[in-house]
Amino acid sequence: MDMKKIESKWQRKWEEEKLYSFNKKNIDKKFYCLEMFSYPSASKLHLGHWYNYGLTDSFARYQKMKGYEVFEPMGFDAFGLPAENYAIKTGIHPETSTLSNIETMEKQLKAMGAMFDWDAEIKTCMPDYYKWTQWLFLKLYDRGLAYRKAAPVNWCPKCQTVLANEQATEGVCERCGTQVIKKDLTQWFFKITDYAEELLNGLDGLDWPEKTKLMQKNWIGKSTGGEILFRTESGESFRVFTTRADTLFGVSYVVLAPEHPLVKKIMTKDREKDVLAYIEETAKQNEIDRLSTTREKTGVFTGAYAINPANGKKVPVYAADYVLYSYGTGAVMGVPAHDERDFLFAQKYGLPVNVVVKNPSGDESLPYCEDGVLTDSGEFDGMTSAEARKAVLARLASEEKGGEKTNYRLRDWLVSRQRYWGAPIPVVHCPKCGIVPVPYQDLPVLLPKDVEFRPDGESPLAKCSSFMNVKCPCCGGDAKRDPDTLDTFVCSSWYYLRYPDNKNDEMPFDPEIVNKMLPVDRYVGGPEHACMHLLYARFITKALRDMGYLKFDEPFRALTHQGIILGPDGYRMSKTRGNVVSPDTYIDAYGSDVFRLYLMFGFDYTAGGPWDDNGIKSIAKFVDRVERIVTKVNGYIPEKEYVPDKDAKDLLFAQAYCVKNVDRNMSDFSFNTAVARLMEFVTAIYKYDGLPNKINAVLLKAIDTLILLLAPCTPHFAEELWEMRGNDQSVFLSPYPVCDEAALAKDEIELAVQINSKVKCKINVSKDADDEAVKAAALADETFSKILGGKQIVKCIVVKGRLVNFIVR
RNA sequence: GCGGACAUGGCGGAAUUGGCAGACGCAUAAGACUAAGGAUCUUAUGAGGCAUUUCUCGUGCAGGUUCAAGUCCUGUUGUCCGCACCA
């Protein structure tokens, strides 16, 4: 079959007939199938695109045939760093390159033969989309969920520019190799932490991979403990967060994060030089260095002392970079006897090690980090760690020196980017009125086209005076726009809401439509988004719900992660390694259906694996084999009034078995086994056709069933075969085959017979034989009794439909 | 360092969730058809035991639970992924 020809033939027909446009009349049967949209890159569609989009499309086609009104939209996450970097290098405007890339990708995606509803397409870099991204920002601002605070950025002193983490690996600028430093800028944050508890609890009800839920759970990182107030001698105070309040009497020092504002306040004159040097040194550390546990702990004494609120003891205050300003209170108490890190720190700086928790086993080696029994802790002596944690915090609470506290690892979401190619932050800074949100009717704040984005120390937009200078919407006086753009994760945090109502210019979406179309019934994308994107989208959904726009709590009811297709050498494909496999050569040689079918068959979908050439040949052979039998059988004139014989019953069994399994496998993304069952069915059809005088309705029905089952996997090919069979409408308008359970029922079933749990022989028994009958049948079996050889049976276990196990002595 | 996942023939991978390990395919071998076969069809194919109506071993390694373990538990090794030293 000429695959190229039939591909374009059917793609044209599908488009003409609008076969895949969502019909709103059937909204009550909707199935929203969403693939993570893609970044419009300059290179062609790669294997990963095919693997994600092609196979999920097969899943969507399966759902369509199951009777759902499928909504499968596609779009582009079109803002972002690469286009801007490309522009800096080549001088080509990000909009030009992005839109041209989108055009190329659209063509290729259409050639894939997926049922994307292109009427619903969105491009996040277009004003009709980012207008609503800005709307979202303002809504969050109105609700107090967007706020500004100082936060460090990676700064290259030579390039005079902010760097993304990926541009500052190993602590140096990727462009010039200069040591990257941290610089504080006032930036916008979304208060995702307000939703920490709900984001955590909501995971339970989701049909998501367990490991993804676990990763989000760890990312949110709830920990219950307490906050304890320490006071310095000079009268300043600060809180520490601890999960081990039971060790409070063992504190021998406290540590502030070097960025903690109090450090500079409380340091003594004689320590000033050392402390400032240390703070500067810390600013140079990139996160990865600071994360390394193998690195020696460093710190600096501030010269100040704090009072332990439990026992009034004076302890030194240190600044050390193993404490993070962003977590908890940015301050911790040091208990060297009962914490690994504190122990090392104390050894290095000669600090006392006070044992306050005894190991019940009597072992006195330190540090002892488990729970135990309190000692040297005043009134709390003799309590267990668990009791003491409560009691200590209760006493502190009564004295207003602390209390119980739940902390989350989750940080607020920093959304400011000092970049050009993104949605402008719709805020005006007025010298009189301060921060003034742009009025809703003035949206979108258009991204100016004529901007110098080569780095020279300022945000690209900051240099664009026509953009920056505005009248304050509040007082009408001269004011400046915010020069930053929004993180692209903001664009992708709500796009699934825009698809169903993408042309709405009154609202980002009509709540009435969206509340019917959402949540997404199946979301498919890479596991790399487990924590960031998926968490942001969940947060935005909940925030919009609380504003009254949405009536559901979670955006994605079910989630599947596809695996990664590796190079033939087993490594991740990369240009530097030279192991990149391009889909194009295979598609040219075999067609897109064969390519798709191989991707289905050759891998465990969620695991992925190395690419293998031989596999695709075998799939091409299989497709030929199907074509041959369909062509052959198509000429048959079936025998009239045929009564199925034993052979026909075997074929009917094979058919029912195939339908049942393929149906289940397709719904589970278990594509490889679905294809395996189809192969078996084809073999059964060949076998039947090979017998004499078998031209009858059973055979023709089997052929049609095969085409229907195959349709989601090889859409063009199946359409062509379906047409050959004399059908005049699309195969995708036919219902999915239903398993004939009666054909599956066998009167007799085979059981394995075990002696001492080892299979010795097989017996056939009636399908509804009870345990006693099974046992009797086994004992009556000649082969079995010979093997048993009169040994004494101690016990007999019957597993219905599977086996019978005799335990003998 | 912490967290998570994974480990099954020569290879990709199955295994109805504790019940006959190796489905399906690749590769390999033999045969059939043929002028020819890199097409097609049939058969065989975990390892071993002088070998086929018999047995032994076998799911990274070492233990354990169970009538029964690839599957559950403990320990261990290796590979991959994520990370914000999380107090």
Side-chain angles (χ1 to χ4, degrees), chain A residues 209-212 214-215 217-219 221-223 225-226 240-245 247 255 287-295 297 320-335 338-342 344 407-411 527-528 530-532 564 566 570-572 598 601-604 606-607 609-619 621-622 624-625 628 660-661 664-665 670 672-680 683 686 690 750-762 783 786-787 794-808:
Chain A
E210 285 306 318
K211 71 166 189 179
T212 308
L214 195 60
M215 279 166 82
K217 195 179 157 195
N218 291 337
W219 188 267
K222 181 176 181 172
S223 79
V240 302
F241 176 70
T242 180
T243 53
R244 292 297 305 272
T247 64
V255 189
E287 302 239 319
I288 290 153
D289 274 352
R290 223 168 135 172
L291 284 176
S292 168
T293 42
T294 49
R295 196 178 60 129
K297 306 276 169 278
D321 64 5
Y322 75 89
V323 176
L324 301 182
Y325 186 49
S326 58
Y327 180 74
T329 57
V332 302
M333 59 189 208
V335 187
H338 306 297
D339 184 278
E340 209 71 59
R341 263 180 338 221
D342 298 350
L344 293 171
N407 241 333
Y408 299 90
R409 290 203 317 163
L410 185 69
R411 299 177 192 167
E528 66 272 19
C531 291
M532 318 261 284
I564 301 166
L566 306 170
Y571 292 99
R572 200 181 258 268
Y598 171 57
F601 181 61
F603 309 87
D604 165 352
T606 57
W611 174 261
D612 173 29
D613 263 16
N614 288 317
I616 194 161
K617 284 180 204 149
S618 74
I619 290 294
K621 257 163 62 175
F622 168 70
D624 278 346
R625 200 166 137 84
R628 278 199 310 276
K660 187 175 184 141
N661 284 287
R664 196 182 53 221
N665 294 160
S670 189
N672 52 351
T673 52
V675 178
R677 300 291 87 80
L678 286 167
M679 288 171 164
E680 286 168 349
T683 303
Y686 263 88
E750 191 186 64
L751 292 188
V753 184
Q754 297 181 331
I755 294 177
N756 290 342
S757 307
K758 287 193 174 164
V759 179
K760 295 294 175 183
C761 64
K762 309 278 170 83
T783 324
K786 215 159 69 185
I787 299 166
V794 185
K795 197 173 169 186
C796 172
I797 297 140
V798 178
V799 182
K800 200 160 166 45
R802 297 205 191 276
L803 54 79
V804 51
N805 186 7
F806 292 93
I807 310 305
V808 306

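Letters A, B, ... are given to chains in the order of the sequence lines, protein chains preceding strands, and every chain is numbered from 1. Side chains are part of it too, since the values below use all heavy atoms of this structure and drop only hydrogens, waters and symmetry mates.
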Check whether any side-chain N or O of A/Lys758 sits under 4.0 Å from OP1 or OP2 of B/rC57, and answer yes or no.
yes

With both distances under 3.5 Å as the test, what is the Watson-Crick or G-U wobble partner of B/rU65?
none

When the C1' atoms of B/rU28 and B/rG10 are considered, how many whole Å apart are they?
9 Å

Ranking A/Glu680 and A/Tyr598 by the position along RNA chain B of their nearest nucleotide, the one closer to 5' is A/Tyr598

B/rC61 and B/rG70, which share atom name P, separated by this distance in whole Å:
12 Å

Hey, are A/Asn407 and A/Ser223 close enough side-chain-wise for a donor-acceptor pair under 3.5 Å?
no

Think A/Lys617 has a side-chain N or O under 4.0 angstrom from the OP1 or OP2 of B/rA27?
no

Looking at the angle O4'-C1'-N9-C4 for a purine or O4'-C1'-N1-C2 for a pyrimidine, is B/rU34 syn or anti, with syn meaning within 90° of 0?
anti

Look at the side chain of A/Arg411 and decide which nucleotide, out of B/rG19, B/rG13, B/rC86, has an atom nearest to it.
B/rC86

Just wondering, do A/His338 and A/Val335 contact through their side chains at under 4.5 Å, heavy atoms?
yes

In terms of side-chain heavy atoms of A/Lys760, which of B/rC55, B/rC86, B/rC26 is nearest?
B/rC55

Students often get this wrong, so: under 4.0 angstrom with heavy atoms, is A/Asn805 touching a base, only sugar-phosphate, or nothing?
base

Whole-Å gap separating C1' (B/rG19) and CZ (A/Phe806)
15 Å

Looking only at the side chain of A/Leu324 (C-beta and beyond, no hydrogens), which of the listed nucleotides B/rG19, B/rA84, B/rA5 gets closest?
B/rA84

Looking only at the side chain of A/Arg625 (C-beta and beyond, no hydrogens), which of the listed nucleotides B/rA14, B/rC41, B/rA87 gets closest?
B/rC41

Side chain of A/Asn218, backbone of A/Gly221: donor and acceptor closer than 3.5 Å?
no

Do A/Val323 and A/Asp321 have side-chain heavy atoms sitting under 4.5 Å apart?
no

Testing B/rC24, B/rG3, B/rA87 for proximity to the side chain of A/Asn218, the answer is B/rG3

The nucleotide from B/rC41, B/rC67, B/rC86 with an atom nearest the side chain of A/Ile797 is B/rC67

Nucleotide of B/rA23, B/rC67, B/rC26 approaching A/Ile807 most closely (side-chain heavy atoms):
B/rC67

Hey, does A/Gly615 reach any base, or is it just sugar-phosphate, or nothing, if we go heavy atoms under 4.0 Å?
nothing

Taking the same atom, C1', in B/rG78 and in B/rC26, what whole-Å distance lies between them?
27 Å

Counting only Watson-Crick pairs (N1-N3 plus N6-O4 or O6-N4) and G-U wobbles (N1-O2, O6-N3), all under 3.5 Å, who is the partner of B/rU16?
none

All N/O pairs under 3.5 Å across the protein-nucleotides 15-18 of chain B interface:
| from | atom 1 | to | atom 2 | distance (Å) |
| --- | --- | --- | --- | --- |
| B/rU16 | N3 | A/Arg802 | NH1 | 2.9 |
| B/rU16 | N3 | A/Arg802 | NH2 | 3.3 |
| B/rU16 | O4 | A/Arg802 | NH1 | 2.8 |

Roughly how far apart, to the nearest Å, are B/rC24 and B/rG13 at atom C1'?
9 Å

In terms of side-chain heavy atoms of A/Ser757, which of B/rG25, B/rC67, B/rA87 is nearest?
B/rC67

Between B/rG19, B/rA5, B/rC67, which nucleotide gets closest to the side-chain atoms of A/Lys211?
B/rA5

A/Asn672 side-chain N/O to B/rA14 phosphate OP1/OP2 under 4.0 Å
yes

Does A/Tyr327 reach the main-chain N or O of A/Arg411 with its side chain, forming a donor-acceptor pair under 3.5 Å?
no

Under a 3.5 Å limit on both distances, the Watson-Crick or wobble mate of B/rU42 is B/rA30

Students often get this wrong, so: under 4.0 angstrom with heavy atoms, is A/Lys217 touching a base, only sugar-phosphate, or nothing?
nothing

Under 4.0 Å from OP1 or OP2 of B/rC41: is there any side-chain N or O of A/Arg628 that close?
yes

Pairing partner of B/rG78 (Watson-Crick or G-U wobble, both distances under 3.5 Å):
B/rC6

With a 6.0 Å cut-off on ring centres, are A/Tyr408 and A/Trp219 close enough?
no

Just to confirm, is there a sub-4.0 Å distance from OP1 or OP2 of B/rG1 to any side-chain nitrogen or oxygen of A/Arg341?
no

So A/Leu344, base contact, sugar-phosphate only, or nothing? Heavy-atom distance under 4.0 Å.
nothing

Using a 4.0 Å heavy-atom cut-off, does A/Phe601 contact any base of the nucleic acid, only the sugar-phosphate backbone, or nothing at all?
base

Taking for A/Arg244 and for A/Ala752 the nucleotide of RNA chain B with the nearest heavy atom, the one nearer the 5' end belongs to A/Ala752

Should A/Val753 and A/Lys760 count as side-chain neighbours, where that means a heavy-atom distance under 4.5 Å?
no

With the side chain counted from C-beta on, respond yes when A/Phe603 and A/Leu566 share a heavy-atom pair under 4.5 Å apart, and no when they do not.
no

Between A/Asn672 (side chain) and A/Gly602 (backbone), is there a donor-acceptor pair under 3.5 Å?
no

Can you tell me how far the NZ atom of A/Lys217 sits from the CZ atom of A/Arg409, to the nearest 0.5 Å?
12.0 Å

Is the shortest side-chain N/O distance from A/Lys621 to OP1 or OP2 of B/rC26 below 4.0 Å?
yes

Counting only side-chain heavy atoms from C-beta out, which of B/rG13, B/rC20, B/rG4 sits nearest to A/Asp604?
B/rG13

What does B/rA84 pair with, Watson-Crick or G-U, if both distances are under 3.5 Å?
none

Could you let me know what B/rA47 is paired to, Watson-Crick or G-U wobble, both distances under 3.5 Å, or none if it's on its own?
B/rU56

